[in-house]
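Following: one structure in structure tokens, then a few remarks.
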Amino acid sequence: MARGALIIFEGVDRSGKSTQIKRIFNQMLNKGEKVYLTRFPERTSEIGQTINGYLTSSNNLSDQAIHLLFSANRWEHAQSILNYLNNGTSVLVDRYAFSGVAFTAAKGLDLEWCKNPDRGLPKPDLVLQLDVDEETAKSRGGFGEERYEKVEFQRKVRSLYSRLKEEHSDIWKVIDASGTADELTPQLQSFVDETIKNCQNNDIEKLWIN
Ligand SMILES: Nc1ncnc2c1ncn2[C@@H]1O[C@H](COP(=O)(O)OP(=O)(O)OP(=O)(O)O)[C@@H](O)[C@H]1O
Ligand SMILES: Cc1cn([C@H]2C[C@H](O)[C@@H](COP(=O)(O)O)O2)c(=O)[nH]c1=O
Ligand SMILES: [Mg+2]
């Protein structure tokens, strides 16, 4: 059986990821395609609730401890993601280990240290980075509600995404996300469709393990 594709949406806070990923998911469902939508952090598990408390500033943790919890939250769901892929269902994910690295390294922690806990997760077939500058992000609804939503911090995150893109040029697409939501959706859908077609006979690789 052809396997599904693992497709990640990444970008600075308020770049439009959740809006677009839900549109793509609904379009695919309406066409009868096998698709599953998830997000990280997945805030309902015990670990996810601790992360939610940290992001909403009701608890504090060291930079290292919260980084490891974000990774543990992905590992909680890694086997289920693999099961979907092996059953021919494509998995759309709103943020993944690249957010983990970009947001923690933006605090000044070593980039390679940041990658370590996520080594071995299922490797994505496609990363769609929705790119907007920090001022555009700031102008969008909700900016400022959570811990990291500050212009200077988001600038650092955006520059770390550029570094990650260089390392992952085989799977990474940067999309100018400053246009309207309606303009963006067809562009993103065509990258998603192409990836699902092209990866179906490839093995699922492990992230950051050669
Ligand atoms: N292309 C767009 N142009 C203008 N506003 C947009 C666009 N896409 C989404 N928005 C609005 O911007 C806000 C943030 O959108 P959304 O929640 O999709 O972003 P996000 O990247 O998922 O944010 P976060 O990183 O905080 O989860 C929402 O109010 C949404 O309605
Ligand atoms: C997965 C992940 C996320 N973050 C940060 C990025 C955002 O500021 C929040 C999550 O916000 P969302 O609206 O739920 O997308 O958490 C992080 O620092 N590390 C991670 O691994
Ligand atoms: Mg979102």
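Owing to the predicted nature of the structure, the values given are computational and were not obtained by experimental measurement. Read the numbers this way: they start at 1 and go in the same order the structure lists the ligands and their atoms.
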### Task
Give yes or no for whether the N/O distance cutoff of 3.5 Å, strictly under, is met between Leu184 and ligand 1.
no
### Query
Between Asp182 and Thr180, do the side chains contain an N or O donor and an N or O acceptor separated by less than 3.5 Å?
no
### Query
To which protein heavy atom is atom 27 (O) of ligand 1 closest, and what is the distance rounded to 0.1 Å?
Ser18 OG, 4.0 Å
### Heavy-atom gap Arg147 to ligand 2 smaller than 4.0 Å
no
### Shortest non-hydrogen separation from Arg158 to Val132 and the atoms involved
NE-O, 3.3 Å
### Task
Could you tell me which non-hydrogen atom of Glu76 sits nearest to which non-hydrogen atom of Asn73, and how far apart they are?
OE1-ND2, 3.1 Å
### Query
Is the closest heavy-atom distance from Gly142 to ligand 1 below 4.0 Å?
no
### Message
Below 4.0 Å, non-hydrogen atoms only: which portion of Glu149 touches ligand 1? Side chain, backbone, both or neither.
### Response
side chain
### Output field: ring centroids Phe103/Tyr148 closer than 6.0 Å
yes
### Task
Quick one: look up the protein heavy atom nearest atom 14 (O) of ligand 2 and list residue, atom name and how far away it is.
Arg43 NH2, 2.8 Å
### Query
Is the Mg ion (ligand 3) less than 2.8 Å from at least one N/O/S atom of Ser18?
yes
### Message
Quick check on contacts: which atoms of ligand 1 are under 4.0 angstrom from a heavy atom of Asp13?
### Response
25 (O)
### Task
Ignoring hydrogens, just give me the one of Ser99, Pro41, Ser18 whose non-hydrogen atom is nearest atom 10 (C) of ligand 2.
Pro41
### Message
Tell me the protein heavy atom at minimum distance from atom 7 (C) of ligand 2, and give that distance in Å.
### Response
Asp13 OD1, 3.3 Å
### Task
Among all protein heavy atoms, pick out the one at the shortest distance from atom 23 (O) of ligand 1; state its residue, atom name and that distance to 0.1 Å.
Arg14 N, 3.0 Å
### Query
Nearest 0.5 Å, what's the CG-CD distance between Leu164 and Glu10?
8.5 Å
### Query
So how far is it from Arg39 CZ to Leu92 CG, rounded to the nearest 0.5 Å?
13.0 Å
### Message
Does the plane of the ring in Phe98 sit parallel, tilted or perpendicular to the ring in Trp208? Use 30° and 60° as the thresholds.
### Response
perpendicular
### Query
Would you say the side-chain atoms of Asn30 and Gln27 include a donor-acceptor pair closer than 3.5 Å?
no
### Query
Applying a strict 4.0 Å limit to heavy atoms, is Glu149 in contact with ligand 2?
no
### Query
Under 4.0 Å from any heavy atom of Gly100, which atoms of ligand 2 are there?
19 (N), 20 (C), 21 (O)
#### Entry: Protein contact to atom 19 (O) of ligand 1 [nearest heavy atom, distance to 0.1 Å]
Gly16 N, 3.2 Å
### Task
Over all heavy atoms of both residues, which pair between Tyr54 and Arg147 is shortest? Give the atoms and the distance, please.
O-NE, 2.7 Å
### Query
Distance only, no hydrogens: is a donor on one side chain within 3.5 Å (strictly under) of an acceptor on the other, for Thr44 and Glu42?
yes
### Any donor-acceptor pair under 3.5 Å from Asp110 side chain to Glu112 backbone
yes
### Greater than 12 external heavy atoms within 6.0 Å of Arg163's CZ
no
#### Entry: Polar contact flag for Arg39 and ligand 1 (N/O pairs, less than 3.5 Å)
no
### Task
Using distance alone, decide if ligand 1 has a nitrogen or oxygen within less than 3.5 Å of any nitrogen or oxygen in Arg95.
yes
### Message
To the nearest 0.5 Å, what is the distance between OG on Ser15 and CD on Gln20?
### Response
9.5 Å
### Task
May I ask whether Gly11 places a heavy atom under 4.0 Å from ligand 1?
no
### Task
May I ask you to list the atoms of ligand 2 that are less than 4.0 angstrom from any heavy atom of Leu55?
9 (C), 10 (C), 16 (O)
### From Arg140, Gln154, Glu183, Arg23 - option closest to atom 10 (N) of ligand 1 by heavy atom
Arg140
### Query
Quick one: which of Ala137, Gly179, Gly141, Ala177 has a heavy atom closest to atom 13 (C) of ligand 1?
Gly141
### Query
Any heavy atom of Arg39 sitting closer than 4.0 Å to ligand 2?
yes
### Message
Ignoring hydrogens and geometry beyond distance, is a side-chain donor-acceptor pair present between Arg23 and Asn26 at under 3.5 Å?
### Response
no
### Query
If you measure every N/O of Asp94 against every N/O of ligand 1, is any gap under 3.5 Å?
no
#### Entry: Residue and atom name of the nearest protein heavy atom (relative to atom 15 (O) of ligand 2), distance in Å to one decimal
Arg95 NE, 2.7 Å
### Task
For residues Tyr96 and Trp172, establish whether the separation of their ring centroids is below 6.0 Å.
no
### Task
State, without any angle test, whether Thr195 and Asp125 hold a side-chain donor-acceptor pair at a distance under 3.5 Å.
no
### Query
Got the closest protein heavy atom to atom 18 (O) of ligand 1, with its distance?
Thr19 OG1, 2.5 Å
### Query
Looking at atom 3 (C) of ligand 2, what's its closest protein heavy atom, distance included?
Phe70 CE2, 3.5 Å
### Close-contact set for ligand 2 against Arg74 heavy atoms, below 4.0 Å
1 (C), 20 (C), 21 (O)
### Query
So which protein heavy atom does atom 21 (O) of ligand 1 come closest to, and at what separation?
Lys17 NZ, 2.6 Å
